[in-house]
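Note that ligands are numbered from 1 as they come in the structure, with each ligand's atoms numbered from 1 the same way. The shown structure was predicted, so the numbers you read here are calculated from the model rather than taken from an experiment.
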Amino acid sequence: MLQDVTEEFLIGDSLRVNQVLLNLLSNAHKFTPEGGSIKVVVVQLSRKSSTVFLRFTVSDTGCGISEEMQERIFKPFEQESAEIAKTHGGSGLGLSITKNLVELMHGAIKLQSKKDEGMTFTVDLSFAVEQRSEEYEPTDFKDIRALVIDDDGGTIEYTSIVLERIGVQFDVAHSGEEALSIIYHRGL
Ligand code: ADP
């Protein structure tokens, strides 16, 4: 999900950003049992001249970690317990590499967790704004009307942001039934 992100083209180390997000997401996936949920949110914290500050949050509803472990988790070869190593595998290196990558980009990484209540990682990074010479013309799509149908609020919000930005008029439905009713009443 995106919040308040005004810039579409940024200059940064995409390979490292991808690696950081992949590491956090693969852990979230590994430690969240079936029926749980994983959420990624990107928020633009601020913009100063040609630099934007983004916050990436990866949260899950999985097993979380104890307070004592939170102090050690970014150190190499640390895992919660031998049991975790046996059941989930891994080397205990992922998060120490992740922290190194974030610091190489002059960013910061933090975590918040409660045992058995999930985990939230927050990564703050800055990016330069790319000045594009050809300005995008938002009125190109003004004759198109779209209907966004999804039962996931986050997906609806993200799609709405994209459509709004490119100038497409749209309606939103949270279910198939609601979609049919909108189509019927508005003659779409
Ligand atoms: P590994 O490659 O073993 O997963 P990491 O450095 O990525 O190594 O993670 C270290 C330990 O931190 C994991 O073994 C696990 O105990 C704990 N951990 C990491 N991410 C999560 C998460 N999302 N939920 C619960 N525990 C986690």
Enquirer: Out of all atoms in ligand 1, which are within 4.0 Å of some heavy atom of Leu93? Include the element for each.
Expert: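 Selected atoms, number and element: 6 (O), 8 (O).
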Enquirer: Restricting to side chain to side chain contact (heavy atoms under 4.5 Å, CB included), what partner residues turn up for Asp13, sequence neighbours left out?
Expert: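 Result, side chain to side chain contact (heavy atoms under 4.5 Å, CB included) vs Asp13: Leu15, Arg16, Met105.
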Enquirer: Heavy atoms only: which of Phe121, Phe31, Phe74 is nearest to atom 25 (C) of ligand 1?
Expert: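 Residue with the shortest heavy-atom distance to the ligand atom: Phe31.
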Enquirer: Heavy atoms only, cut-off 4.0 Å: how does Leu95 contact ligand 1, side chain, backbone, both, or neither?
Expert: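 The answer is both, backbone and side chain.
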Enquirer: Just jot down the ligand 1 atoms closer than 4.0 angstrom to any heavy atom of Cys63, in number order.
Expert: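 The atoms of ligand 1 under 4.0 Å from a heavy atom of Cys63 are 25 (C).
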Enquirer: With a 4.0 Å cut-off on heavy atoms, is Gly62 touching ligand 1?
Expert: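 Contact check Gly62 vs ligand 1: negative.
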Enquirer: For atom CD of Gln112, is the number of surrounding heavy atoms from other residues, nucleotides or ligands below 6.0 Å larger than 12?
Expert: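 Incorrect, the count does not exceed 12.
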Enquirer: For residues 37-44, please give each side-chain donor-acceptor pair under 3.5 Å, one per line with the distance, not counting sequence neighbours.
Expert:
residue : atom : partner : partner atom : Å
Gln44   : OE1  : Thr6    : N            : 2.8
Gln44   : OE1  : Thr6    : OG1          : 3.2
Gln44   : NE2  : Thr6    : OG1          : 3.1

Enquirer: Which of the atoms in ligand 1, numbered in the order shown and given with their element, are less than 4.0 Å from a heavy-atom of Lys30?
Expert: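 Those atoms are 1 (P), 4 (O).
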Enquirer: With respect to Ser96, determine whether any N or O atom, backbone or side chain, lies less than 3.5 Å from an N or O atom of ligand 1.
Expert: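 Among all N and O atoms of Ser96, none is under 3.5 Å from an N or O of ligand 1.
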Enquirer: Before you tell me yes or no, could you show the steps for Lys110 and Asp124 under salt bridge (Lys or Arg N to Asp or Glu O under 4.0 Å), namely the whole-Å CA-CA distance, both residues' side-chain angles and the distance that decides it to 0.1 Å?
Expert: CA-CA 9 Å; Lys110 280 190 202 144; Asp124 288 347; 5.6 Å; no
Enquirer: Does Tyr158 OH have over 12 foreign heavy atoms under 6.0 Å away?
Expert: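 No - once you tally the heavy atoms of other residues, nucleotides and ligands closer than 6.0 Å, there are 12 at most.
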